[in-house]
Amino acid sequence: MIQLKPGDRNLHGRQVRLITQDNEQAGIVTFETAIARAQQAGLDLVLLPSKTQPPVTRIMDYGKYLFEESKRAREARKNQVQPKLKEVKLRPVIDENDLNTKLKHAREFLLHGDKVRLLLQFRGREMSHQEIGMEIMNRFIKQLEDIAKQDSPVRQDRKTFSTTLSVKAEARAAAKKEAAEKAAAASAAAPEQE
């Protein structure tokens, strides 16, 4: 949208299609008439983005429109969840309980909307048994396959295996729905307790 002024040369003397501030079609009028009607109403004349002939203009409060657009954009940014990258570090000699704890944390991160980088680090002679590390890595990924998808294949960088996991859309939606139901149940139960 472009705010038009009386001195605009590109539309001077041309005809434009005019829409009033009440969203009514005023028909095709000269540019000067459209400017005069906008000034009479105490509002701005705005050229709408279209490739029609004659050009479409609207009488509106352009400053208010810009303010509301920026307000909508701020709200959209505020409601947007920026996924973070969380790391879960494993070792090839990890105990079963430790593995379950790491699995639980990774599940929480994923359901919160974050991505998880899975790192398996070898030390010293552990490098001679890389198959044990790959087995742990594959088992970990398999345990999370109900809610996560693997973004990249397992890569080896010196003494580290790594991959990235992100949440599946349907699992994230189900988690949000479940959280909303719990919140509704909690708020319904709160007045009963008082």
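Not measured: the values here are computed from a predicted model.
Annotation: side chain of Arg14 is in contact with side chain of Gln53 (closest heavy-atom distance under 4.5 Å). Side-chain atoms of Phe31 and Leu45, non-hydrogen and from C-beta on, do get closer than 4.5 Å to each other. Residues Glu126 and His129 fail the side-chain proximity criterion, which asks for heavy atoms closer than 4.5 Å. Residues His112 and Glu108 fail the side-chain proximity criterion, which asks for heavy atoms closer than 4.5 Å. Using a 4.5 Å heavy-atom threshold, the side chains of Tyr65 and Val46 count as separate. Between Phe161 and Leu119 there is no side-chain heavy-atom pair separated by less than 4.5 Å. Taking 4.5 Å as the limit, some side-chain heavy atom of Leu120 sits within range of a side-chain heavy atom of Ile136. Put simply, the side chain of Asp114 does not reach to within 4.5 Å of the side chain of Leu85, judged on heavy atoms.
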Q: Please lay out, stage by stage, how Ile147 and Leu111 fare under the test side-chain contact (heavy atoms from CB on, under 4.5 Å).
A: CA-CA 8 Å; Ile147 63 162; Leu111 290 176; 4.1 Å; yes
Q) Do Asp146 and Arg107 pass the side-chain contact (heavy atoms from CB on, under 4.5 Å) test, and can you show the C-alpha distance, the side-chain angles, and the key distance before you say yes or no? A) CA-CA 10 Å; Asp146 60 328; Arg107 186 174 292 274; 3.3 Å; yes
Q.
Walk me through whether Ile19 and Gln25 qualify under side-chain contact (heavy atoms from CB on, under 4.5 Å).
A. CA-CA 5 Å; Ile19 301 173; Gln25 295 279 341; 4.2 Å; yes
Q: Using the salt bridge (charged side-chain N to carboxylate O under 4.0 Å, His left out) rule, take Lys71 and Glu75 through it: C-alpha gap first, then chi angles, then the decisive distance, then the call.
A: CA-CA 6 Å; Lys71 192 172 164 183; Glu75 284 295 318; over 6 Å; no
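Checked against Arg58 for a side-chain contact (heavy atoms from CB on, under 4.5 Å), the options Leu43, Leu18, Asn23, Asp44 give a single hit: Asn23. When each of Lys102, Lys115, Arg117 is tested with Glu87 by the rule salt bridge (charged side-chain N to carboxylate O under 4.0 Å, His left out), just one qualifies, namely Arg117.
More than 12 heavy-atom neighbours from other residues, nucleotides or ligands sit within 6.0 angstrom of NZ on Lys149. Other residues, nucleotides and ligands place more than 12 heavy atoms under 6.0 Å from the CZ atom of Arg72.
In this structure, CZ on Phe140 lies 15.0 Å from CD on Glu135, to the nearest 0.5 angstrom. The distance from atom CG of Asp98 to atom CZ of Arg91, rounded to the nearest 0.5 Å, is 11.5 Å. The distance from atom OG1 of Thr164 to atom CG of Leu118, rounded to the nearest 0.5 Å, is 9.0 Å. In this structure, CD on Gln21 lies 8.0 Å from CZ on Arg37, to the nearest 0.5 angstrom. Atom CD of residue Glu145 and atom NZ of residue Lys142 lie 4.5 Å apart, to the nearest 0.5 angstrom. Summarising the geometry, atom CG belonging to Asp157 is positioned 11.0 Å from atom CD belonging to Gln121; distances are rounded to the nearest 0.5 Å.
Under the 4.5 Å side-chain heavy-atom criterion for grouping Ile, Leu, Val, Met, Phe, Trp and Tyr, Val93 is not connected to Met134 through any hydrophobic cluster. Hydrophobic clustering, with ILVMFWY side chains joined whenever heavy atoms are under 4.5 angstrom apart, groups Leu66 together with Met60.
Judged purely by distance below 3.5 Å, without hydrogens or angles, the side chains of Thr163 and Gln150 pair a donor atom with an acceptor atom. Neither side chain, Thr160 nor Ser162, offers a donor N or O lying under 3.5 Å from an acceptor on the other.
In this structure, the side chain of Thr57 engages the main chain of Arg17 through a donor-acceptor pair within 3.5 Å. Thr30 places a side-chain N or O within 3.5 Å of a backbone atom of Thr33 that can act as its donor or acceptor partner.
Residues Pro92 and Ile132 share a closest heavy-atom pair of O-CG2, 3.8 Å.
Figure legend: cation-pi geometry between Lys159 and Phe122 absent, as NZ or CZ is not positioned both under 6.0 Å from the six-membered ring centre and within 45° of its axis.
The pair Glu96-Arg139 meets the salt-bridge criterion, with a side-chain N (NZ, NE, NH1 or NH2) lying under 4.0 Å from an Asp/Glu carboxylate O.
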